[in-house]
Amino acid sequence: QVQLVESGGGLVQAGGPLRLACAASGSIFRINTMGWYRKAPGKEREVVAAVTSGGSTNYAASVKGRFTISRDSAKNTVYLQMNSLKPEDTAIYYCNVDSVQWYGPRQYWGQGTQVTVSS
């Protein structure tokens, strides 16, 4: 019954910005970490950025300094502000939530949103 709804993907020119959002709906006892992953054609899925319940953030080396992850705990929403986009950032971006339910740990995934960066 928990769902992650992603928005903000699209087509953007190199150097431009884009902001992704992911809202978790349904009942979750506690959210530990919210993050973003991406998968480009011919490549494995990789972690892009993550933010913990305490506000600590981590970034992949390829996006550090260009992307910013943030969260609104009251709304169970995580954002990814992407600046200075490059063609190599083109991928399907997936939202991920690491949580604890009353019955134990549980992870949830979004459907994915396409980000395409043109040169």
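Numbers here are sequence positions counted from 1.
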Report task. Using the rule that two of Ile, Leu, Val, Met, Phe, Trp, Tyr join whenever any of their side-chain heavy atoms come within less than 4.5 Å, decide whether Tyr94 and Trp36 are in one cluster. Result -> no
Requested in this report: Drop me the distance from Asp98's CG to Ile31's CD1, to the nearest 0.5 angstrom.
Outcome: 9.5 Å
Report summary line: So OG1 of Thr113 and CG of Leu20: to nearest 0.5 Å the spacing works out to 6.0 Å
Query - Closest non-hydrogen atom pair, Ser119 against Ala14 - result: CA-CB, 4.3 Å
**Report entry** Test item: Gln81 side-chain N/O and Arg19 main-chain N/O as donor-acceptor pair under 3.5 Å
**Finding:** no
Query raised in the report: Does a side-chain heavy-atom distance below 4.5 Å link Val78 with Cys95?
Result: yes
Query raised in the report: Are any of the side-chain heavy atoms of Asn96 and Thr33 separated by less than 4.5 Å?
Result: no
**Report entry** Residue pairs fulfilling ring-ring contact (aromatic ring centres under 6.0 Å, His included) with at least one residue in residues 95-119, sequence neighbours excluded
**Finding:** Tyr37-Trp109
**Report entry** Side-chain donor/acceptor of Tyr93 to backbone N/O of Lys39, under 3.5 Å
**Finding:** no
Query raised in the report: Is a donor on one side and an acceptor on the other found under 3.5 Å between the side chain of Ser62 and the backbone of Ala60?
Result: no
Query raised in the report: Between Tyr79 and Asp72, is any pair of side-chain heavy atoms under 4.5 Å apart?
Result: yes
Report task. Let me know which of Glu44, Glu88, Glu46 forms a salt bridge (charged side-chain N to carboxylate O under 4.0 Å, His left out) with Arg38. Result -> Glu46
**Report entry** Connected via hydrophobic side-chain network under 4.5 Å: Val48 and Val51
**Finding:** yes
Query raised in the report: Would you say the side chain of Asp89 lies within less than 4.5 Å of the side chain of Arg66, judging by non-hydrogen atoms?
Result: yes
Requested in this report: Give a yes or no on whether the backbone of Ser99 and the side-chain of Gln107 come within a donor-acceptor separation of less than 3.5 Å.
Outcome: no
Query raised in the report: Taking C-beta and beyond as the side chain, do Asn32 and Thr52 meet within less than 4.5 Å on heavy atoms?
Result: no
Query raised in the report: In Å, rounded to the nearest 0.5 Å, how long is the span from CG of Leu85 to CG of Leu18?
Result: 6.5 Å
Report task. Check whether any side-chain N or O of Gln101 sits under 3.5 Å from a backbone N or O of Phe29 as a donor-acceptor pair, and report yes or no. Result -> yes
Query raised in the report: In terms of heavy-atom contacts, does CD of Gln111 have more than 12 from other residues, nucleotides or ligands at under 6.0 Å?
Result: no
Query raised in the report: For the atom pair OH (Tyr59) and CD1 (Ile69), what is the distance rounded to the nearest 0.5 Å?
Result: 6.5 Å
Report summary line: Rounding to 0.5 Å, atoms CD (Glu6) and CG (Leu80) come to a distance of 11.0 Å
Report task. Find the distance between OG (Ser25) and CD (Gln1) and round it off to the nearest 0.5 Å. Result -> 9.5 Å
Query raised in the report: Under 4.5 Å between any side-chain heavy atoms of Met82 and Val115, yes or no?
Result: yes
Requested in this report: Show your reasoning for whether side-chain contact (heavy atoms from CB on, under 4.5 Å) applies to Gln114 and Thr90.
Outcome: CA-CA 8 Å; Gln114 178 70 47; Thr90 296; 3.9 Å; yes
